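Just so it is clear, the model here is predicted, and its values are computed rather than measured. Quick note on labels: first sequence line is chain A, next is B, and so on, each numbered from 1.
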2 protein chains.
Amino acid sequence: MGGIAYLVGMSKALPHPGPEAIDLSAVLDALRDPIRRAIVLMVAEEGERRCSSFLHCTTKTNLTYHVARLREAGVVRVRVEGPARIVSLRRAELDARFPGLLDAVLAGTRQDPPLARLVETA
Amino acid sequence: MGGIAYLVGMSKALPHPGPEAIDLSAVLDALRDPIRRAIVLMVAEEGERRCSSFLHCTTKTNLTYHVARLREAGVVRVRVEGPARIVSLRRAELDARFPGLLDAVLAGTRQDPPLARLVETA
DNA sequence: CCTATAGTTCAATAACAATTGGACCAAGGG
DNA sequence: CCCTTGGTCCAATTGTTATTGAACTATAGG
């Protein structure tokens, strides 16, 4: 293998903001949506999950959108593993930058019955 | 619309959600805007402030809009006093419902230099 | 190669959010 | 009463967000 076609296919690294570049408006913006909060809660409780494990929340296309918003805000990390995308929480970086914020939002999310129905331990 | 006599007896009490009706999505939605966070920070540090003391942030009309969003989300209380509106923070209710959330957001807001320029001790 | 699984991209739409300007209302002091 | 201060209401505009469907790319297994 060689040449341009090979390189194009290798665009695996997804853009993530650095730890210091995580912005409060962007984080609150990401966490304000119930679907995204459900995803974050599931990732917080299981450590790592594949994108496909969130398909009960919405459609495939829409999931790509919401996961990208969480990633671009610096809330989650997305890693490519074979054909799948593995989502994990950027807890240490978030806690360092905005102490207590994530835990407060997660606690509030757990108390939210309509939203808790979106949270599946798959 | 444009009524005259009918509006004279209009109630002065502005609608606020009850303590248990404060919704996480609505709160995060209210706090995601930098102008609104600046307002909340000023109210948090001074206790009470008139709407007009925020006019350096934006226009009069727009201020009505942002203060209403904060009030409807349950973040602030607005009281009519003569010709003025007095804004105060619903700290106890917010802390009871989402412990740590407000403090985390306020701390993050204080660290935000571009936003801190909107915060004036008037 | 064929197929299934996993996910992206694009274009369109619908809904909602922020901002502005002008007219208007309400209270208090000359 | 007039005038100023403080703020609301309305209509329009612009911008952003969420959601959908169809077409597409990428990887792994048979």
Side-chain angles (χ1 to χ4, degrees), chain A residues 1 4-15 23 25-39 48-73 76 78-87 115 118 122, chain B residues 1-15 23 25-39 48-73 76 78-87 115 118 122:
Chain A
M1 286 212 267
I4 297 299
Y6 171 71
L7 292 172
V8 166
M10 284 296 281
S11 53
K12 276 183 177 183
L14 296 152
D23 174 64
S25 287
V27 170
L28 295 175
D29 221 48
L31 295 177
R32 122 202 111 138
D33 184 279
I35 292 180
R36 291 194 290 260
R37 276 208 305 286
I39 291 171
E48 284 195 330
R49 288 185 59 148
R50 335 180 72 194
C51 277
S52 55
S53 77
F54 307 128
L55 276 173
H56 63 283
C57 293
T58 179
T59 61
K60 214 161 45 154
T61 310
N62 201 221
L63 200 49
T64 297
Y65 169 73
H66 284 303
V67 171
R69 295 219 56 179
L70 287 169
R71 174 178 49 79
E72 286 159 13
V76 302
V78 183
R79 179 176 94 245
V80 179
E81 199 168 281
R85 305 293 184 273
I86 310 294
V87 181
L115 196 147
L118 280 181
Chain B
M1 318 303 190
I4 305 159
Y6 301 105
L7 296 178
V8 170
M10 203 171 89
S11 158
K12 282 182 172 180
L14 296 150
D23 175 65
S25 287
V27 170
L28 295 175
D29 220 45
L31 295 176
R32 120 203 120 149
D33 185 278
I35 293 181
R36 292 195 288 261
R37 275 208 306 285
I39 292 171
E48 283 194 333
R49 289 185 59 149
R50 334 181 69 193
C51 277
S52 55
S53 77
F54 306 128
L55 276 173
H56 63 283
C57 294
T58 180
T59 61
K60 216 163 39 155
T61 311
N62 201 221
L63 199 49
T64 298
Y65 169 72
H66 284 302
V67 171
R69 296 220 57 181
L70 286 169
R71 174 179 49 79
E72 286 159 13
V76 301
V78 183
R79 177 176 96 244
V80 178
E81 199 168 282
R85 304 293 185 272
I86 311 293
V87 181
L115 196 147
L118 280 181

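The NE2 atom of His56(A) sits 9.5 Å away from atom CG of Leu63(A), with the distance rounded to the nearest 0.5 Å.
Between Leu55(A) atom CG and dT5(C) atom P the separation is 12 Å, expressed in whole Å. In this structure, Asp33(B) atom CG and dC16(C) atom P are separated by 18 Å, rounded to whole Å. Atom CZ of Phe54(A) is separated from atom P of dA6(C) by 14 Å (rounded to the nearest Å). Here dA15(C) presents its P atom at 18 Å from CG of Asp29(B), a figure rounded to the nearest Å. Atoms NZ (Lys60(A)) and C1' (dT9(C)) sit 12 Å apart, rounded to a whole Å. One can place CG of Leu14(B) at 14 Å from C1' of dG6(D), the figure rounded to the nearest angstrom. As rounded to whole Å, 14 Å separates atom P of dT17(D) from atom CG of Leu28(A). When rounded to the nearest whole Å, the span between CD1 of Ile86(B) and C1' of dG7(D) equals 12 Å.
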Solution key, residues 28-36 of chain B side-chain donor-acceptor pairs under 3.5 Å, sequence neighbours excluded:
unit_1	atom_1	unit_2	atom_2	d
Asp29(B)	OD2	Arg69(B)	NH2	3.1
Asp33(B)	OD1	Ile35(B)	N	2.8
Asp33(B)	OD1	Arg36(B)	N	3.2
Arg36(B)	NE	Ala30(B)	O	2.8
Arg36(B)	NH1	His66(B)	ND1	3.1
Arg36(B)	NH2	Asp29(B)	O	3.1

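For Glu72(B), the side-chain hydrogen bond (donor to acceptor under 3.5 Å, both in side chains) criterion is met by no residue, not counting sequence neighbours. Applying the side-chain hydrogen bond (donor to acceptor under 3.5 Å, both in side chains) test to Arg50(A) and every residue at least two apart in sequence or in another chain returns nothing.
Side chain to side chain, Thr64(B) and Arg85(B) fail the donor-acceptor criterion of an N or O pair below 3.5 Å.
Between Arg50(B) and the phosphate of dG6(D), there is a side-chain N or O to OP1/OP2 separation shorter than 4.0 Å. Within the 4.0 Å cut-off from OP1 or OP2 of dA26(D), not a single side-chain nitrogen or oxygen of Arg85(A) is found.
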Collect all protein-nucleotide pairs involving nucleotides 28-30 of chain D in which both atoms are nitrogen or oxygen and the distance is under 3.5 Å.
none

What's touching nucleotides 1-3 of chain D from the protein side, N or O pairs under 3.5 Å?
none

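Residues Pro15(A) and Arg71(A) form a side-chain contact, since some pair of their non-hydrogen atoms from C-beta on lies under 4.5 Å apart.
Residue whose closest nucleotide on DNA chain C sits further toward the 5' end, between Ser52(A) and Arg32(A): Ser52(A).
Within residues 61-70 of chain A, the residues that place at least one heavy atom under 4.0 Å from DNA chain C are, in residue-number order, Thr61(A), Thr64(A).
Here the closest non-hydrogen pair linking Cys57(A) and Leu118(A) is SG-O, 3.9 Å. The nearest pair of heavy atoms linking Val67(A) to Val76(A) is O-CG2, 4.3 Å.
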How far apart are the C-alpha atoms of Phe54(B) and Val87(B), what are their side-chain angles, what is the distance that settles it, and do they pass the side chain to side chain contact (heavy atoms under 4.5 Å, CB included) test?
-> CA-CA 10 Å; Phe54(B) 306 128; Val87(B) 181; 4.2 Å; yes
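Here the side chain of Ile35(B) is nearest to one of dT19(C), dG6(D), dT8(C), namely dT19(C).
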